[in-house]
Amino acid sequence: MKGDGYMAELLLSGGTLIDGTGAGPRANTAVLVAGDRIVAVGAEAETAAAASHATVVDVSGLSVMPGLIDAHVHVTLGEPSSNDELFYRREPAAAAFVAAHSARRILQAGVTSFLDVDGLYDIGPALRDAIACGAVEGPTMKSGTYALMTAVGGTAGRFIPDSGRAGYAEVVRDKDEMISVVRRQVKDGSDVIKVHVTGSIPNRPGEIQVWTREEMKVVCDTAHDLGVTVGAHCRGDAATLDSILAGADIIWHASYMGEAALEAMVDRKVAVCPVFTFLANLDEYGAKAGATSSVRDVFRNEMEQTGAMLRRAYDAGVPLLCGSESGFSITPYGHWHAREMAVFVEHLGLTPLQAITCCTSTNAIALGEQGEVGTIEPGRRADILVLEGDPSLDVSILGDKSRFRHLLCRGRQVDLTPVPDRTPLPSEKAAAWSAVSLTWELAHS
Ligand SMILES: [Zn+2]
């Protein structure tokens, strides 16, 4: 091995290959890597490796597959457990250091690239570039910056100001501002523009649509003219339809999608990423994390209704993406990046192999890197996960890091010794004056 961590040439020999194309597992199929590329697969790889005296790693008895791709991460949020914490307890410099630590945890979970959909300050593009230049260890990133919102807000009620920025939100008040903010975000390094097409308002159930189709079209046209894609957060049927007709490239959530929205999605083959993991974690493990039951019922209902529509979209050829919503206390970094695949198997009836394809080659769409990552084929970037067990029989094993034996990211061997957990920074958690209200009765009881 050379000093910079690259093998000149590395042959993974004797493993069972799941190549990410949707093809079934192929026993005893070698993979040859040179620098940051996969250069040959199968018998060709063995022949080439013998001629070039490549370093051979015996992976017989193990599965070899593409590194996972996570299409929906918030790497800069730092796992807040409330909007108070997220909006008022995050300082730019500290949040950037924490994000670098989080990126390593994501990598060690077998994720070799991810899309950071929106986040705090302009940390996302900066972290992406720091990883790309080798200053920080982490998966390959694509990144957005602030999520665009109208002054009605997003998923944080009255935390959203009437103008300007707060937390991960940037308010755009009219069409002129929509154009100028998209242009500035592109200048600031955004690969994607995120729009909160629906938002939650105090005293109103669920989320309501807070953008018009016309306004969405202004954002989409401006972004597309600058070569940048648009992802639309839609918890509501009409919002999904309007976003698709306005030209959105990815629909996040697509909750309660109806017939007209489904038809438009199928027509245009617009990618959809339900990001069920957050809901599934609340539903299945919420009690362990102390979540409230009313929220759990809402989310379970959403998964059941939306899952049926998404299955129809998938069957009609709509790209179905896997995203984890990692970045919150219910979805901490490095733990749940493979969970969406298991949810697709359980709630949408996909086979494990189909779910793996969603999380690898199909997810390359979220990065704008189709043909570059997500499959194990000659010419692709050398992002490779080697693990014990057969994920084509049970995808849930991909959540168990103790099974990982080797991980290559951009051809580089990743040290799988777990990154130590961190404790909260002094500035990060709101300190409470008391756990309960000190009433006269309590004082005298
Ligand atoms: Zn999100």
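Whatever order the structure lists them in is the order used to number ligands and atoms, beginning at 1. In this text the structure is predicted, and so the values were computed from the model without any measurement.
- For a distance threshold of 2.8 Å, the protein N, O or S atoms nearer than that to the Zn ion (ligand 1), listed by chain and number, are H72 NE2, H74 NE2, E325 OE1.
- Defined by atom type and a distance below 3.5 Å, a donor-acceptor pair is missing between the side-chain atoms of T277 and R339.
- Applying the ring pair (Phe, Tyr, Trp, His ring centres under 6.0 Å) rule to pairs touching residues 337-373 yields nothing, sequence neighbours excluded.
- For R128, the side chain to side chain donor-acceptor pair (under 3.5 Å) partners are D191, not counting sequence neighbours.
- Under the 3.5 Å distance criterion, with hydrogens and angles disregarded, no donor-acceptor pair is assigned to the side chains of T212 and E214.
- A donor-acceptor pair shorter than 3.5 Å can be found between the side chains of H233 and E207.
- Qualifying ring-ring contact (aromatic ring centres under 6.0 Å, His included) partners for Y285, counting only residues two or more places apart in sequence or in other chains: W336.
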